[in-house]
Amino acid sequence: MSSDPANDGRSPMKLYEYVAAGLSIAATSTVELRRHSLATLCLSGKGTPFATAVSQAFDCARDLSLLNAARAAASNEDWAIKADTLLELVGRGD
């Protein structure tokens, strides 16, 4: 996602899909991405060059414990879970 204001608050589902596939990610920092704490999400910006984020992502890709932690966190953002949450909210009438 770019830092364009149109992306503020947009859910980065592709982020979770990449992590669920076992990938580490290097990205430019945005407000939305900073809200997500995934062990294999490496952000550039605020003094961290993009090349450093890429290097960190390669390091993360070699660490099975980080990949597993990120996958576990991403599983909470699965579409099935989101659908169940929506159905629960609709059923309550909130």
Side-chain angles (χ1 to χ4, degrees):
M1 290 175 32
S2 72
S3 60
D4 187 282
N7 286 325
D8 286 350
R10 187 173 294 179
S11 174
M13 279 306 290
K14 194 55 77 179
L15 169 73
Y16 294 114
E17 292 167 352
Y18 290 155
V19 171
L23 300 174
S24 58
I25 300 160
T28 302
S29 180
T30 66
V31 172
E32 183 60 23
L33 290 179
R34 286 191 300 275
R35 288 182 347 98
H36 302 273
S37 60
L38 294 168
T40 57
L41 173 60
C42 305
L43 300 176
S44 66
K46 292 192 178 186
T48 303
F50 191 74
T52 300
V54 170
S55 179
Q56 291 169 342
F58 276 110
D59 290 343
C60 288
R62 291 187 211 81
D63 188 328
L64 190 55
S65 64
L66 289 177
L67 291 172
N68 287 335
R71 277 186 173 156
S75 70
N76 294 324
E77 301 298 330
D78 181 83
W79 280 114
I81 291 173
K82 290 188 179 297
D84 288 343
T85 301
L86 180 61
L87 290 172
E88 180 183 315
L89 290 171
V90 170
R92 287 194 314 210
D94 290 352

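A quick note: this is a predicted structure, and the numbers were derived from the prediction, not measured.
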Subject >> From CA spacing to verdict: side chain to side chain contact (heavy atoms under 4.5 Å, CB included), L38, Y16 >> reply: CA-CA 9 Å; L38 294 168; Y16 294 114; 3.9 Å; yes
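The hydrophobic cluster containing V19 does not contain L67, counting ILVMFWY residues as joined when their side-chain heavy atoms lie under 4.5 angstrom apart, directly or transitively. In this structure, F50 is not a member of the same hydrophobic cluster as L33, with clusters built from ILVMFWY side-chain heavy atoms closer than 4.5 Å. I25 and V54 are not part of a single hydrophobic cluster, where members link through side-chain heavy atoms under 4.5 Å apart. If you chain together hydrophobic residues whose side chains sit under 4.5 Å apart, L15 and W79 fall into the same group. Residues F58 and L43 do not share a hydrophobic cluster, clusters being chains of Ile/Leu/Val/Met/Phe/Trp/Tyr side chains in contact below 4.5 Å.
Taking CG of D84 as the start and CD of E88 as the end, the distance is 8.5 Å to the nearest 0.5 Å. The NE2 atom of H36 sits 8.0 Å away from the OG1 atom of T30 when rounded to the nearest 0.5 Å.
The two residues E77 and M13 have their closest heavy-atom pair at O-CE, 3.3 Å. The two atoms that bring A72 and S75 nearest to each other are O-OG, 2.6 Å, heavy atoms only. Summarising the geometry of I81 relative to N76, their closest heavy-atom pair is CG2-O, 3.7 Å, with the distance given to 0.1 Å. C60 approaches A39 most closely through the heavy-atom pair SG-O, 3.7 Å.
Residues that satisfy the salt bridge (Lys or Arg N to Asp or Glu O under 4.0 Å) test with D59, not counting sequence neighbours, are R62.
S55 contributes no side-chain N or O that, together with a main-chain N or O of A51, makes up a donor-acceptor pair within less than 3.5 Å. With hydrogens and angles ignored, the 3.5 Å screen pairs a side-chain donor or acceptor of S24 with a backbone N or O of A57.
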